[in-house]
Trainee: 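What follows is a structure written as structure tokens; I'll ask about it next.
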Amino acid sequence: LIPFRGSKYIQSYNFEAFKEVVRNCRQEKYAVFGTPCQIYALSRIAEIKKVRDQVFFVDIYCHGCPSLFAWRKYVDSVKAKTEVDKFD
């Protein structure tokens with residue numbers, strides 16, 4: 001896990017995936033991995049829909065996700081420093 005330390009990730013748009021899990025989990029079981037806030041939200045929905053036992057939830061450590069705007073600025077700065085666009 002040491003190589004992953006300090007890695008970056010961005011906010012995900014998982015609404016469609018969450019809908020699929022809730023819609024199909026009566027027929028199939030799912031394992032869902034996500035940040036604690038994502039897992040909490042989907043877990044609550046699964047409880048309300050009475051399908052909580054059909055889904056295995058795993059939350060990963062979260063130290064806060066940057067906004068998509070901040071992520072793009074970070075990527076642009078890395079590209080500028082490494083001159084990666086010169087190879088396009």
Trainee: For T35, is there any backbone N or O sitting under 3.5 Å from a side-chain donor or acceptor partner on Q38?
Mentor: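 Yes; at least one donor-acceptor contact below 3.5 Å.
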
Trainee: Within the side chain of Q54, is there an N or O that forms a donor-acceptor pair under 3.5 Å with the backbone of C25?
Mentor: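 Yes; judged by distance alone, with no hydrogens or angles, the pair exists.
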
Trainee: Linking directly or through intermediates, with side-chain heavy atoms under 4.5 Å: list the remaining ILVMFWY members grouped with V55, chain and number order.
Mentor: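 Listed partners: F18, V21, V22, Y30, V32, I39, L42, I45, F57.
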
Trainee: Would you give the length of the straight line joining atom NZ of K50 to atom CZ of R26, rounded to the nearest 0.5 angstrom?
Mentor: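 Those atoms lie 9.5 Å apart.
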
Trainee: For residues 13-24, which residue pairs pass the salt bridge (Lys or Arg N to Asp or Glu O under 4.0 Å) check, not counting sequence neighbours?
Mentor: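 Counting only pairs at least two positions apart or across chains, the salt bridge (Lys or Arg N to Asp or Glu O under 4.0 Å) contacts touching residues 13-24 are E16-K19.
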
Trainee: Taking ILVMFWY side chains as joined if any heavy atoms are under 4.5 angstrom apart, and letting links pass through other members, which residues group with F56?
Mentor: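 F33, V58, listed by chain and number.
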
